[in-house]
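This structure is in structure tokens; I'll ask about it shortly.
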Amino acid sequence: MRPTSAGTRRTPRLRAALLALLIAGAGTSLSGAPAQAAPRMDTSQFKGVNWADPRDNFADDPVVLSGLSLSDSYAQTYTKSSRVISAFRANLGANTVRLPINPYTVNGSYWKSYRAVIDGASAKGFKVILSYWEGTGPRKDGFIDDEATYWPMWNTVVKAYKYDRNVYFEPMNEPHGYTDTEWADLAAKWLDTYSSVPRGRVFVSGAGYNDHVTTVCADPRLKGTYLSLHHYGFWKEYATYDQWVADLKVRIGDCANRTVADEFGAHMTKGFDYNKPAPDNNFVNYMQAVTDTFRELKMGSVYWPGLRTGDTYSLQTLTGDPSRPWLATTNQSGADRLAWAWGRGKAVRP
């Protein structure tokens with residue numbers, strides 16, 4: 001998840017990025033050996049955005065998505081969220097939304113209302129990716145906060161949605177506290193625990209900060225699942241377009257056929273024009289490189305964030321009556337690059 005200040009997770013993310021670059025420079029796969037390519041899955045079907053709590057989804061209480069309220073009833077939540085989902089489609093052409101969950105949300109009273117977001121999105125034909133977020137403060141360490149509440153949370157979620165083909169399950173967002181092997185073990189345990197869930201409806205996060213998928217891709221226990229990758233421009237102070245393409249591809253390895261970039265993003269409220277080359281601008285280089293690469297590799301992608309109040313990366317902003325919200329696009333050139341990644345629109349113009 002993208003931090004909002006230099007003091008929020010920036011240092012460990014940069015360490016992970018530097019590690020990946022060192023390995024890439026040595027010409028070695030992050031798994032130590034080339035990952036085995038699996039039969040192609042259609043990842044290009046995922047054209048989406050994240051919808052986030054203003055707090056970046058890290059919370060020690062229920063997650064409340066931007067524009068919603070903890071006091072909203074199911075009906076109120078359904079009305080608001082249905083309009084936001086419709087705006088994602090109308091403004092961006094999205095068909096997928098990624099949503100956070102945590103035990104406070106699912107195991108408590110708010111679950112009755114929060115389900116309206118999932119139900120409303122699914123009813124509109126959206127694919128819904130449900131991902132577990134850890135807490136904040138000392139709990140924000142890349143580990144599951146409390147397995148005694150984690151597994152009951154997933155029991156409830158899986159029971160509610162295992163028959164809804166529009167709903168997908170992501171066992172954990174950015175599991176950076178675990179080694180690559182430990183994380184693969186935990187993902188395999190999730191799959192064994194919920195063996196009734198089709199593997200084609202599970203997103204296994206890349207290791208670290210979701211920053212490489214090569215090791216989970218190589219693990220035969222995780223065969224048949226989608227893999228989720230995160231990739232951000234702030235990982236480097238500056239890189240050229242070609243360097244960003246190379247950086248992204250080494251993190252994917254031979255696994256593009258299973259990979260969805262379910263977080264990537266750049267500043268959308270600072271006036272950057274992503275439709276024109278600007279070689280001196282790191283974020284323009286980054287955004288053009290990653291969207292070109294997603295299109296080239298026919299990879300699905302889910303932008304961070306489609307909507308998050310107070311986030312300069314947010315591609316949408318709330319407008320209108322709070323009880324019947326709509327959205328406005330914060331940067332049309334950013335939306336254009338997203339459309340290009342999804343197979344529509346025009347290439348960057350000189």
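This is a predicted model, so every value here is computed, not measured.
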Query raised in the report: Around Glu147, counting heavy atoms of other residues, nucleotides and ligands shown, do more than 12 lie under 6.0 Å from its CD?
Result: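 It does: Glu147 CD has more than 12 such atoms within range.
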Report task. Look at atom CZ of Arg221 and say whether more than 12 heavy atoms of other residues, nucleotides or ligands are closer to it than 6.0 Å. Result ->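 Above 12, so yes.
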**Report entry** Test item: Ser73 side-chain N/O and Gln76 main-chain N/O as donor-acceptor pair under 3.5 Å
**Finding:**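 Side chain of Ser73 to backbone of Gln76: a pair is present.
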Query raised in the report: Which residue, Trp154, Tyr150, Trp190, forms the ring-ring contact (aromatic ring centres under 6.0 Å, His included) with Tyr132?
Result: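 Of all the options given, the one that passes is Tyr150.
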Query raised in the report: Any side-chain donor-acceptor pair under 3.5 Å between Arg337 and Asn275?
Result: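 On atom types as modelled, these side chains qualify, holding a pair under 3.5 Å.
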Query raised in the report: Cut-off 3.5 Å, side chains only: do Gln316 and Asn91 have a donor facing an acceptor?
Result: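 Yes, side-chain donor-acceptor contact under 3.5 Å.
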Query raised in the report: Would you find a donor on one side and an acceptor on the other, under 3.5 Å apart, between the side chain of Asn282 and the backbone of Lys236?
Result: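 Checking the backbone N and O of Lys236 against the side chain of Asn282, a donor-acceptor pair under 3.5 Å is found.
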**Report entry** Any donor-acceptor pair under 3.5 Å from Gln288 side chain to Lys276 backbone
**Finding:**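 Yes; at least one donor-acceptor contact below 3.5 Å.
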**Report entry** Carboxylate-amine/guanidinium contact Asp321 Arg83, below 4.0 Å
**Finding:**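 No.
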Requested in this report: Give a yes or no answer on whether the side chain of Asn166 reaches the backbone of Ala123 with a donor-acceptor pair at less than 3.5 Å.
Outcome: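 No; judged by distance alone, with no hydrogens or angles, the pair does not exist.
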Query raised in the report: Taking C-beta and beyond as the side chain, do Ser122 and Tyr161 meet within less than 4.5 Å on heavy atoms?
Result: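 In short, these two side chains do not touch, never coming nearer than 4.5 Å.
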Query - With His231, the side-chain hydrogen bond (donor to acceptor under 3.5 Å, both in side chains) member among Asp247, Asp211, Thr293 - result: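 Running side-chain hydrogen bond (donor to acceptor under 3.5 Å, both in side chains) over Asp247, Asp211, Thr293 with His231 returns exactly one hit, Asp247.
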